[in-house]
Amino acid sequence: MEHPLHIYNTLSRKKEQFIPYNEPHVGLYVCGPTVYGDAHLGHARPAITFDLLFRYLQHLGYKVRYVRNITDVGHLEHDADEGEDKIAKKARLEQLEPMEVVQYYLLRYHHAMDRLNVLPPSIEPMASGHIIEQIALVQRILDAGYAYVSEGSVYFDVEKYNKDYKYGVLSGRNIEDMMNNTRELDGQSEKRNGLDFALWKKAQPEHIMRWPSPWSEGFPGWHCECTAMGNKYLGNHFDIHGGGMDLVFPHHECEIAQAVASQGEPMVHYWMHNNMITINGQKMGKSLGNFITLDEFFTGEHAALVQAYSPMTIRFFILGAHYRGTVDFSNEALQASEKGLERLLDAAALLDNLKTSAQSTVEISDLRSKSYEALNDDLNSPMVIAQLFEAARAINSVHNGQASITQADLDELSTAYRLFLFDILGLKDERAAGSEGNEAFGKAIDLLLNIRAEAKSKKDWATSDKIRDELTAIGFTIKDTKDGAEWKL
């Protein structure tokens, strides 16, 4: 590749050329959702960001093992060492088994990801299925001297670890400042230091999910699952660990500390983080109660929405911003994405029917090279989209007879346009094929328009107008051209 892939490494705080440990194999681990509620727009962003990376790495010829974990049951609150497991709480309130809650929302999450055209990962491990691995990780950290047992719970000794290595390398935080700003909280008397975090917690009587361990009957700390499962499926060293920027501290910082403490060296080479989706300047999320679920976007059934938005509109909206930049939700932004995507899809639909000429008066050579250049520059999807808009203008110019194109140039344009729009950006036309990809839908409309064309040729204007008017009434746009009728939904 003329321009090798560069990605921004959160750890080094700069763009670095991507060089796999074991080329052509690539290990990619991404923190997946906690399944105690419906997926919202904030969940869509990391899924789509790392789906783009997964697709592009495979396109470049790498053999990618993509692991995306599911946080299910038996864990602490994500930002503290105290608090009720959210799934267990929901199960208790609704009088369900915790795994019933997990199964229900996991199926809904998968359905939402399918609609967004997010490829399934290679492996999707669940935290509750890897308790043995998490216990073994805790034991290795204890054996190395970087953890201690206190009243049946096990805590990571941050201060001791920091003396030998450095805690805070990912987030850039200074441990002395953190220690000075850490106040004693109720329930932290078991800890030697307020910064220490739980590797294993002794279960209180009300805790539903619990497992036996050498220290107590209890459950693992939240940070253990990714370190243990990443190690199991990708080894002691793997290439890329991804997730949302809100996970940099404490989750990913603690992951680094656990990995180094357990094996004496880092496990991950590149750390990648997508930024947040905001609403009125605030992070969109369940904890703030300001989220809109993906199903609500798809149906339009939310007070903040003025209409429904298709899954591909949501995907295009997210890809329209660089993954490291913030994206603020608004109906205006989504409507602009809807129109922009429609322009690109309309152009794609014209490609098969363009007439070729002996010479080209449109420039199409930049589409492939500049799109590769953009993707190799830290997955710059907005620049790829900009190149596609330029290509769409060229396609429309040829279609309208304002420009010409040779067969060779058309073949290259068609191949490159579809490669980046459909295969790599992962967009698809939900209109002509129907939401479930049914090609018969488009063929049925074409059949009606052929019948209309026959009626027009026989000067049967009543039948011709009836077909046009009734298709228009149910949401189709029919446009008559010199080469026949065109339609879109």
Side-chain angles (χ1 to χ4, degrees), residues 7 9-14 16-23 25-31 65 67 69 81 123 125 127 130-150 153-176 178-179 191-193 195-201 213-215 220-243 247-273:
I7 55 179
N9 190 347
T10 310
L11 187 63
S12 65
R13 295 171 181 78
K14 64 182 181 181
E16 297 180 8
Q17 182 177 344
F18 177 66
I19 303 173
Y21 278 111
N22 184 27
E23 192 168 357
H25 300 277
V26 172
L28 169 63
Y29 189 102
V30 175
C31 289
R65 179 176 289 174
V67 180
N69 76 295
D81 285 336
I123 304 172
H130 296 78
I131 301 298
I132 293 173
E133 289 83 0
Q134 293 177 76
I135 289 173
L137 171 68
V138 175
Q139 188 61 61
R140 291 197 299 272
I141 296 172
L142 277 167
D143 293 343
Y146 295 108
Y148 56 90
V149 181
S150 177
S153 294
V154 183
Y155 292 96
F156 191 93
D157 192 331
V158 172
E159 189 171 17
K160 184 174 182 182
Y161 171 84
N162 188 64
K163 289 178 181 177
D164 295 335
Y165 301 101
K166 178 171 171 51
Y167 183 77
V169 291
L170 188 66
S171 62
R173 301 190 184 204
N174 182 284
I175 188 173
E176 287 76 19
M178 287 190 284
M179 289 177 65
K191 297 182 182 183
R192 295 176 184 171
N193 188 296
L195 289 181
D196 296 347
F197 56 90
L199 299 172
W200 185 267
K201 281 288 287 184
S213 79
W215 318 289
W222 171 44
H223 309 303
C224 288
E225 63 183 78
C226 292
T227 306
M229 292 188 289
N231 178 255
K232 178 179 177 67
Y233 295 111
L234 299 175
N236 291 340
H237 301 282
F238 62 89
D239 299 293
I240 302 171
H241 194 317
L247 298 178
V248 170
F249 188 89
H251 185 46
H252 290 164
E253 195 74 76
C254 293
E255 277 196 63
I256 289 175
Q258 289 170 160
V260 173
S262 65
Q263 64 182 35
E265 56 188 353
M267 187 179 293
V268 179
H269 189 185
Y270 304 93
W271 288 86
M272 292 182 67
H273 295 89

Heavy-atom closest pair, residues [X] and [Y]:
X      : Y      : answer
Ala147 : Leu199 : CB-CD1, 3.7 Å
Tyr146 : Lys160 : CE2-O, 4.1 Å
Tyr167 : Cys254 : OH-SG, 3.5 Å
Cys31  : Asn69  : CA-OD1, 3.2 Å
His25  : Pro20  : O-CB, 3.7 Å
Leu142 : Tyr148 : CD2-N, 3.7 Å

Measuring from atom [atom1] of [X] to atom [atom2] of [Y], what distance do you get when rounded to the nearest 0.5 angstrom?
X      : Y      : atom1 : atom2 : result
Ile7   : Asp239 : CD1   : CG    : 8.5 Å
Asp157 : Lys163 : CG    : NZ    : 8.0 Å
Glu255 : His223 : CD    : NE2   : 9.0 Å
Lys232 : Ile132 : NZ    : CD1   : 8.5 Å

[X] side-chain N/O to [Y] backbone N/O, donor-acceptor pair under 3.5 Å:
X      : Y      : value
Glu253 : Val169 : yes
Gln134 : Ala127 : yes
Glu133 : Met229 : no
Tyr270 : Gln17  : yes

Audit row: Val248, Trp271, side chain to side chain contact (heavy atoms under 4.5 Å, CB included) steps and yes/no: CA-CA 9 Å; Val248 170; Trp271 288 86; over 6 Å; no

Mind checking whether [X] and [Y] have side chains closer than 4.5 Å, heavy atoms only?
X      : Y      : result
Val138 : Pro220 : no
Leu170 : Phe249 : no
His241 : Leu247 : no
Pro266 : Ile256 : no

Partner set under side chain to side chain donor-acceptor pair (under 3.5 Å) for Thr227, not counting sequence neighbours: Gln258

Side chain to side chain donor-acceptor pair (under 3.5 Å) partners for Gln263, two or more places apart: none

ring-ring contact (aromatic ring centres under 6.0 Å, His included) with [X]: which residues, sequence neighbours excluded?
X      : value
His273 : His252
Tyr21  : His237, His269
Phe156 : Tyr161, Phe197
Tyr233 : His130

Any chance you could lay out the side chain to side chain contact (heavy atoms under 4.5 Å, CB included) test for Met267 and Tyr29, step after step, and finish with the verdict? CA-CA 11 Å; Met267 187 179 293; Tyr29 189 102; over 6 Å; no

Between Lys201 and Tyr155, do the side chains contain a donor N or O and an acceptor N or O under 3.5 Å apart? yes

Could you go through Asn231 and Asn236, starting from their C-alpha distance and side-chain angles, then the distance that decides it, and tell me whether this counts as side chain to side chain contact (heavy atoms under 4.5 Å, CB included)? CA-CA 5 Å; Asn231 178 255; Asn236 291 340; 2.7 Å; yes

Hey, mind stepping through Ile123 and Arg65 against side chain to side chain contact (heavy atoms under 4.5 Å, CB included) and telling me if it holds? CA-CA 8 Å; Ile123 304 172; Arg65 179 176 289 174; 4.0 Å; yes

Neighbour count >12 (heavy atoms, 6.0 Å) for atom CZ, Arg140: yes

